[in-house]
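Below is one structure, written out as structure tokens; comments come after it.
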Amino acid sequence: MRRTLIAGNWKMYKTISEALELVNNLKRELVDQDTVDVVICPPYTALSEVSDILNGSNIGLGAQDLHWEEQGAFTGEISAAMLKDAGATFVIIGHSERRKYFFETDQSVNKKIIAAQSKNLTPIVCVGETLEEREENRTTQVVEKQLKQGLKNLNPESIEKLVIAYEPVWAIGTGRTATPGQAEEVHEFIRNWIKAEYSEELSSGLRILYGGSVKPSNIKELIGQPDIDGALVGGASLEKDSFAGIIRNVK
Ligand code: 13P
């Protein structure tokens, strides 16, 4: 049985004091909830202090990216060991904003997954098509290429320890959510792909999150789909009421 996972991607929002305020409020609000796994991914600068606050709570901590090298002259980058040291246990990899604005490729995604897992960070690997690709009916082709190259040469143990997030680019920050049917179609495709490449067992244990304009008002329908196991939430994760509302409405 797959446990639902709701992850908040704060992107480039919140100073340290703003982050601490939100986390303290979330912690209070979610203190009794134990049916859904919850993770928040603040900016790097807030990780360590947020980690102190989350210590012993039922909310996990993730980062939004990492570099694949262990250390070195890579100005502006951050390593898996540094994230671990700051208290993260999850890391988002290959978000479409990184692919679009920072030229990330499926090859770098692959290297980052390996680096993250070498330090026991759980990767949340993002895939998804642009509007143009969807309109050209190339959605599954694009997602398959991202899976094939992003997960290249990964062994079953590695697949078992990661999470996939399907985020159609056209639904991110646009208020335009994929319909539950559109999302389910791709989630099912991803699960079947894992089944064909690996095994039934791995595919049935894999958590596949949906991301793109998830809100308290649409989570129920999305989570009701057989292959949607949670959400990667952007905008609505920046406020206590909307993020807690999503978590509440999962049940
Ligand atoms: P929104 O929820 O703001 O559409 O962002 C989704 C996202 O990109 C999460 O990673």
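The figures that follow rest on heavy atoms only: side chains count, while hydrogens, waters and symmetry mates do not. Positions are given from 1, in the same order as the sequence printed here. Counting convention: from 1, in listed order, for ligands and their atoms alike.
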Exercise for review: Could you tell me which atoms of ligand 1, counted from 1 in the order shown, lie closer than 4.0 angstrom to a heavy atom of Gly212?
Suggested key: 4 (O), 6 (C)

Exercise for review: Pick one of side chain, backbone, both or neither for how Asn9 approaches ligand 1, counting any non-hydrogen atom pair under 4.0 Å.
Suggested key: side chain

Practice item. May I ask you to test the Gln182-Arg134 pair for a side-chain heavy-atom distance under 4.5 Å? Key: yes

Study note, to complete from the structure: Taking only non-hydrogen atoms of Ala171 and a 4.0 Å limit, the atoms of ligand 1 in range are 4 (O)

Practice item. Can you see which heavy atom on Tyr198 is nearest to which on Leu151, and at what distance? Key: OH-O, 3.8 Å

**Study point:** Criterion side chain to side chain contact (heavy atoms under 4.5 Å, CB included) against Arg2, the qualifying member of Asp227, Ile208, Leu206
**Key:** Asp227

**Study point:** Pair Glu167, Ser96: side-chain N/O donor-acceptor within cut-off below 3.5 Å
**Key:** no

Review point. Would you say Ala236 touches ligand 1, if touching means a heavy atom closer than 4.0 Å?
Key: no

Exercise for review: Check each atom of ligand 1 against the heavy atoms of His95 and keep those under 4.0 Å away; list them by number with element.
Suggested key: 7 (C), 8 (O), 9 (C), 10 (O)

**Study point:** Which of the ligand 1 atoms, numbered from 1, are nearer than 4.0 Å to a heavy atom of Ser213
**Key:** 1 (P), 2 (O), 4 (O)

Review point. Going by heavy atoms in the side chains, are Ser213 and Thr174 under 4.5 Å from each other?
Key: yes

Revision key, fill the gap. To atom 5 (O) of ligand 1, the nearest of Glu167, Lys215, Lys11, Arg176 on a heavy-atom basis is Lys11

Review point. Under a heavy-atom criterion of less than 4.0 Å, does Ala165 contact ligand 1?
Key: no

Check your understanding: How about His187 and Gln225: do any of their side-chain heavy atoms sit closer than 4.5 Å?
Key -> no

Review point. Going by heavy atoms in the side chains, are Arg98 and Val109 under 4.5 Å from each other?
Key: no

Practice item. Answer with yes or no whether the side chains of Trp170 and Glu129 bring together a donor and an acceptor at under 3.5 Å. Key: yes

Practice item. Below 4.0 angstrom from a heavy atom of Gly173, which ligand 1 atoms are there? Numbered from 1 as shown, please. Key: 1 (P), 3 (O), 4 (O)

Review point. Gly235 heavy atoms, cut-off 4.0 Å: which ligand 1 atoms fall inside?
Key: 1 (P), 2 (O), 3 (O)

**Study point:** Protein contact to atom 2 (O) of ligand 1 [nearest heavy atom, distance to 0.1 Å]
**Key:** Gly234 N, 2.9 Å

